Amino acid sequence: MSKQHLLSPYTTNTLELNNRVVMAPMTRSRANNEGNIPSNELHGLYYEQRASAGLIITEGAPVSKRAVGYIHTPGIYSEDQIKGWSQVSQRVHNKGGKIFMQLWHVGRISHPDFHNGELPLAPSAINPNTQSFTQKGFQDTVTPREMTTDEIKSTINDFKQAAANAIKAGFDGVEIHSSNGYLFHQFFSPCSNIRTDDYGGNIVNRTRFFFEVIEAMKTVIPEEKIGVRFNPSLHGLFGITLDKETIPTFEYLMTELNKYNLAYVHLSEPFTDVSKVPFAVTNIAKHFRPIYKGTLIINSAFDQEKGNTIIEEGHADLVAYGKLFISNPDLVERFEHDLDLAAWDQDTFYTTGAKGYTDYEKAETP
């Protein structure tokens, strides 16, 4: 392949990245211990193996016990978790890599089994009619409990503390998981938010919680260490239905984010075919690039050629790869030498142990 834009260096407002290949956040369910603590032997090795990425974004780390909705997800709310993550960040840095932690609250995409029988929290008491991954396997979600204003304020503080904890653990920054039908996305969407107070009703109110979290985080970490993730054209998945207010909501979010000096905005292209869905945008990067003036990461099913092309066309600055990084820890090197890519084993995506996690081999490079 001729000039590869993916392999060119890139400088954000705080970071000098060796290339534009980003490792996307991916739930891997490997923290199968009582405290949901990442281990040096397993998590540390996994991320170290992939440290040649320009930037690594970790799997979602729940910001509190109430934020959990999937088994074996390593959190960032206890001292033991901070210590465990510190080993991970150090191993990546020792290899010359950069790493952000994704901060996560699943909201209604949870189950009472995670909360001693109590209902999950959400903007409104509306069942997403999807499934949560529990100790008993995938279980149907239930109708959640609408958050009180005090609980919203407490959750804002959880994200604030989690951001501080991540920096204490040595991370270069954090990404707010405001995507894929989880808590922030639930606040954004009329299908999941029918509140009549300051956190519901119109676009400004439905996005208020999100901006209050950023404002709270800014008091404990520099705003240039904060990234955010959106999935604007998500439809028919994770309990989210796209409507006429969806894209205007994300246009408002992106416009307002220009007022901040964030690390980046991370967007996903549609997960499903939305070409016949009313009000949907089929080309997310192209649509939002003129709106947002900062660093833009794009994600979802890109290959090497498409990744180079979208950067060349100016629609994104960085490209995030998910599944390809699972089976190709040396993805950057394979791109560099145009080597074949190894296939992933989907049966081991959410199992435990090293199999399908740290046992993928690197290719022999010329």
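Only a predicted model underlies this, so the values are computations on that prediction, with no experimental measurement involved. What you see below is based on every heavy atom in this structure, not just the backbone, and it leaves out hydrogens, waters and symmetry mates.
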Using the rule given for salt bridge (Lys or Arg N to Asp or Glu O under 4.0 Å), can you reason through R66 versus E118, listing the C-alpha separation, both sets of side-chain angles and the distance that settles it, and then say yes or no? CA-CA 10 Å; R66 290 295 286 171; E118 295 184 19; 3.7 Å; yes
Taking atom types as modelled and ignoring hydrogens, do the side chains of [X] and [Y] form a donor-acceptor contact shorter than 3.5 angstrom?
X: T148; Y: D150; value: no
X: H72; Y: N33; value: no
X: S154; Y: N157; value: no
X: N299; Y: R229; value: yes
X: T73; Y: E59; value: no
X: Q81; Y: N165; value: no
X: N94; Y: R91; value: no
X: Y10; Y: T295; value: yes
X: H105; Y: T155; value: no

Relative to each other, are the rings of F209 and F187 parallel, tilted or perpendicular (30° and 60° limits)? tilted
Kindly state whether the ring of [X] and the ring of [Y] have centres lying under 6.0 angstrom apart.
X: F230; Y: F288; value: no
X: Y321; Y: F335; value: yes
X: F184; Y: F159; value: yes

With sequence neighbours left out, write down each residue that passes side-chain contact (heavy atoms from CB on, under 4.5 Å) with N328, or none if nothing qualifies. L324, D330, L331, R334, L341, A342
side-chain contact (heavy atoms from CB on, under 4.5 Å) partners for E224, two or more places apart: N13, T14, P222, N261
Do R30 side-chain atoms and L42 backbone N/O form a donor-acceptor pair below 3.5 Å? no
Please lay out, stage by stage, how E333 and S52 fare under the test side chain to side chain donor-acceptor pair (under 3.5 Å). CA-CA 8 Å; E333 290 80 6; S52 60; 3.2 Å; yes
Pairs touching residues 277-290 that satisfy side-chain hydrogen bond (donor to acceptor under 3.5 Å, both in side chains), sequence neighbours left out: E251-H287, R289-D317
Could you state the interatomic distance from OG (S179) to CD (Q102), rounded to the nearest 0.5 Å? 8.0 Å
One should read off an interatomic distance between R108 CZ and H185 NE2, to the nearest 0.5 angstrom, of 10.0 Å
Picking from F114, F138, F349, Y70, what satisfies ring pair (Phe, Tyr, Trp, His ring centres under 6.0 Å) with F133? F138
Go through it in stages, so that I can follow the logic: the residues are F325 and Y360, the test is ring-ring contact (aromatic ring centres under 6.0 Å, His included), and I'd like the CA-CA distance, side-chain angles, deciding distance and then a yes or no. CA-CA 10 Å; F325 256 119; Y360 287 103; over 10 Å; no
With a 4.5 Å heavy-atom cut-off, do R145 and P120 have their side chains touching? no
